[in-house]
2 protein chains.
Amino acid sequence: MRMSEQRRTTIKDVAEAAEVGVATVSRVLSGGSASPATREKVLAAAARLDYRPSALGRNLRRRRTGGIGLLVPDITDTFYARLADGVLTCAQAAGEPVMIGATRDDPEREAELIGSLIEESVERVIAVPSGDGEMWGPAFRAGLSVVFAERPVRGREDVPAVVADDRSGMRTAVEYLAGLGHRRVAFLARHGQEQRVRGFREAMAALGLPVEEELIVRARATRDSAYAAAAGLLQHRTDLTAVLAGGNMLGEAAVLAARELDLRVPRDVSLIMFDDVPWAELCSPPLTVISQPAQDMGYRAAELVLREGRRTRGVTLPTELIVRGSCAARR
Amino acid sequence: MRMSEQRRTTIKDVAEAAEVGVATVSRVLSGGSASPATREKVLAAAARLDYRPSALGRNLRRRRTGGIGLLVPDITDTFYARLADGVLTCAQAAGEPVMIGATRDDPEREAELIGSLIEESVERVIAVPSGDGEMWGPAFRAGLSVVFAERPVRGREDVPAVVADDRSGMRTAVEYLAGLGHRRVAFLARHGQEQRVRGFREAMAALGLPVEEELIVRARATRDSAYAAAAGLLQHRTDLTAVLAGGNMLGEAAVLAARELDLRVPRDVSLIMFDDVPWAELCSPPLTVISQPAQDMGYRAAELVLREGRRTRGVTLPTELIVRGSCAARR
DNA sequence: GTGAAAGCGCTAACAA
DNA sequence: TTGTTAGCGCTTTCAC
């Protein structure tokens with residue numbers, strides 16, 4: 001005996017209550033033409049019944065879903081959190097729901113999440129890609145429009161990407177360090193940040209500094225991996241005088257590892273971090289950083305993916321050197 | 001620019017390819033009974049066509065959506081980011097998509113987001129509530145099952161909530177401070193953290209310390225609001241000897257404000273923060289904190305909301321005092 | 001074990 | 001201007 005069989009209020013209920021056909025209700029509610037009288041009736045009935053059109057029905061019929069999918073490696077990394085925030089801001093303004101997934105920087109998981117987005121008929125995706133171009137085959141075959149954020153994917157140069165100006169940022173950082181007299185500078189990068197690695201190499205070369213492959217260390221997008229990379233670097237290479245961290249988690253790890261090894265920043269080693277975060281200022285010493293507009297990045301990516309217009313080109317956003325106290329002149 | 005009218009592969013296509021009826025395909029794919037021979041045929045066809053069942057169709061038919069909605073004030077606040085991470089971890093393990101929204105700690109926006117979740121037929125929601133009980137009327141009327149996180153909502157005591165043990169945490173903090181000789185301790189709270197405020201009052205009273213209303217300051221869940229609150233407090237009340245920050249953003253603001261006002265921590269003022277974050281250790285001095293299991297909170301909330309079983313009770317998770325260097329004995 | 005058919009809630013032709 | 005109707009892709013009786 002089901003007394004309160006929670007049935008959802010449907011368009012049919014509204015139609016009956018307003019004494020019109022369902023098509024009329026649909027039209028009125030989506031701003032179509034209708035006589036003032038009927039419009040009034042329908043609106044009143046809808047309000048009275050607290051009617052909310054089912055996105056399920058609509059999307060099935062239209063064979064598309066409005067929402068946008070968002071794939072980031074780790075929402076716990078403030079950079080991705082800010083990026084996500086930008087996406088949310090733009091999406092909410094456009095009234096689009098956002099479906100989020102954490103890839104853990106794992107191509108396999110990424111593939112799963114892409115599959116899940118396809119199942120949900122999400123047709124727009126913003127992703128900080130972890131895997132290579134192949135992961136994205138199913139996505140394109142399914143016809144969804146994707147925009148990459150933070151970094152492009154090799155082999156998918158046709159897909160628009162919203163990125164920071166890594167080359168310029170790296171160049172600025174390396175020049176700053178070189179100006180301070182550093183020659184042996186290491187680079188802590190996240191896997192996949194090849195743009196930055198390339199920028200680093202270029203900048204070093206341009207200044208006539210040696211690029212030792214051993215001084216370019218890669219980590220995965222997790223705290224543990226970052227720490228291991230930083231500690232390993234600092235421990236084994238006592239000859240380096242400066243380290244450049246490719247992201248805030250790498251920077252955090254570097255500060256921690258340095259402290260653990262009793263290295264003083266910036267006396268024993270100078271440190272500069274890509275990405276500015278609130279705690280950089282609270283840190284001791286305050287960290288010198290290359291800031292990048294994370295939230296903007298997300299916002300722009302959302303704009304791009306929302307703009308139906310095909311053939312949109314990617315966007316490169318500027319970075320900025322913010323000198324604080326973690327770099328010193330090399331004696 | 002799609003050249004071929006990308007038609008999605010449907011169950012019908014698979015049925016034709018496998019030379020069976022659609023019902024059979026459905027059955028096989030959802031683990032129903034079928035003869036080994038047909039099962040084989042269907043699976044092969046599905047794989048060959050790279051078939052993915054449409055969640056839209058399924059959900060519409062079933063009149064429910066699997067996904068879970070997640071509403072947080074600000075994903076940029078690492079506490080909420082960790083909470084969200086917990087939710088994502090659990091949801092992904094269960095294969096459920098997560099729809100996320102940022103309420104900005106604004107009841108109105110929260111109401112909008114709830115409405116949007118209803119439209120999407122999401123039937124499970126985890127929320128860090130901003131508004132009062134009334135906001136949630138439509139949600140319950142629509143029959144969705146919700147779990148609150150971080151704090152309960154007054155007037156909705158029947159809704160399960162996953163929270164930190166605020167009373168115990170506050171008590172521990174206050175006792176620690178009192179043991180150090182502090183009597184004039186201020187509390188920086190976020191609006192809605194009434195549990196913590198209550199815990200603070202109780203703890204102070206229990207130790208025979210005076211509770212000055214003026215020393216309990218509330219901020220909204222934004223960096224600006226937090227900073228304003230902290231700066232105002234520190235500026236106007238030069239007689240206080242310790243401040244307890246109700247969350248990491250409040251703590252961050254307090255450190256910043258103190259620095260701005262040339263107050264030395266812990267010499268001039270002791271500081272203790274609710275919620276442990278990676279930078280607390282990097283800060284100078286390292287911050288003494290009451291840690292709370294944010295990611296766990298999210299995970300547990302997801303478990304609760306996923307467990308169909310109604311009448312689940314809420315969960316209270318333990319907190320822990322982690323002494324670092326931001327509190328000193330009062331001379 | 002298998003298939004035909006009836007919808008889930010909605011929108012878009014097409015009629016009236 | 002309005003209503004009728006045919007599906008969108010799927011699951012689920014209900015016959016066979």
Side-chain angles (χ1 to χ4, degrees), chain A residues 5-43 45-46 49-67 116-123 142-143, chain B residues 5-43 45-46 49-67 116-123 142-143:
Chain A
E5 188 46 25
Q6 284 263 13
R7 208 178 58 75
R8 185 187 177 112
T9 316
T10 77
I11 197 173
K12 214 171 151 192
D13 301 323
V14 180
E16 277 170 16
E19 300 176 301
V20 298
V22 288
T24 305
V25 177
S26 175
R27 250 182 254 116
V28 169
L29 263 34
S30 48
S33 66
S35 79
T38 27
R39 150 164 279 112
E40 197 62 27
K41 275 197 300 185
V42 171
L43 257 28
L49 299 181
D50 194 25
Y51 170 65
R52 291 190 165 280
S54 153
L56 244 43
R58 180 177 34 235
N59 292 338
L60 180 55
R61 170 65 227 232
R62 289 216 192 119
R63 316 163 86 181
R64 42 160 292 227
T65 299
S116 150
L117 289 176
I118 295 177
E119 279 191 15
E120 300 292 329
S121 296
V122 168
E123 52 179 13
Chain B
E5 201 26 41
Q6 289 260 16
R7 207 179 59 76
R8 184 187 178 113
T9 314
T10 77
I11 196 173
K12 215 171 150 190
D13 301 323
V14 180
E16 278 171 15
E19 299 177 305
V20 298
V22 289
T24 304
V25 177
S26 174
R27 248 181 258 116
V28 169
L29 261 35
S30 46
S33 66
S35 77
T38 23
R39 150 164 279 113
E40 198 61 29
K41 275 198 301 186
V42 171
L43 257 25
L49 298 182
D50 195 25
Y51 170 65
R52 291 191 165 281
S54 154
L56 244 43
R58 178 175 37 233
N59 292 337
L60 181 55
R61 170 66 223 233
R62 289 214 191 122
R63 316 164 87 182
R64 42 159 293 224
T65 299
S116 150
L117 289 177
I118 295 177
E119 278 191 15
E120 300 291 331
S121 296
V122 168
E123 52 179 13

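Letters A, B, ... mirror the listed sequences (proteins, then strands); counts begin at 1.
Rounded to 10 degrees, the angle separating the terminal axes of the helix from dG1(C)-dC16(D) to dA16(C)-dT1(D) is 40°, with each axis obtained from five end pairs.
Here OG1 of T10(A) is found 8.0 Å from CD of E16(A). Values are rounded to the nearest 0.5 Å. Note that the CZ atom of R39(B) and the CG atom of L29(B) stand 9.5 Å from one another [nearest 0.5 Å]. Annotation: the span from R8(A) atom CZ to R63(B) atom CZ amounts to 10.5 Å, rounded to 0.5 Å. Taking CD of E120(A) as the reference point, atom CZ of R52(B) lies at 11.0 Å (rounded to 0.5 Å).
In terms of modelled atom types and a separation under 3.5 Å, the side chain of S30(A) and the main chain of S26(A) share a donor-acceptor contact. At least one donor-acceptor pair under 3.5 Å links the side chain of T65(A) to the backbone N or O of S121(A).
Atom CD of E16(B) and atom P of dG3(C) are 13 Å apart (whole Å). Spacing between atom CG of L29(B) and atom C1' of dG3(C) amounts to 16 Å, rounded to whole angstrom units.
The shortest distance between the side-chain N/O atoms of S33(B) and the OP1/OP2 oxygens of dG1(C) is below 4.0 Å.
Shown here are the side-chain contact (heavy atoms from CB on, under 4.5 Å) partners of T9(B), two or more places apart in sequence or in another chain: D13(B), L49(B), Y51(B).
Listed here is the closest heavy atom pair of E19(B) and K41(B): O-NZ, 4.2 Å.
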Let me have a per-nucleotide readout for nucleotides 6-16 of chain D, 5' to 3', with B, S or -, counting only protein heavy atoms under 4.0 Å.
-> BBBBBBB----
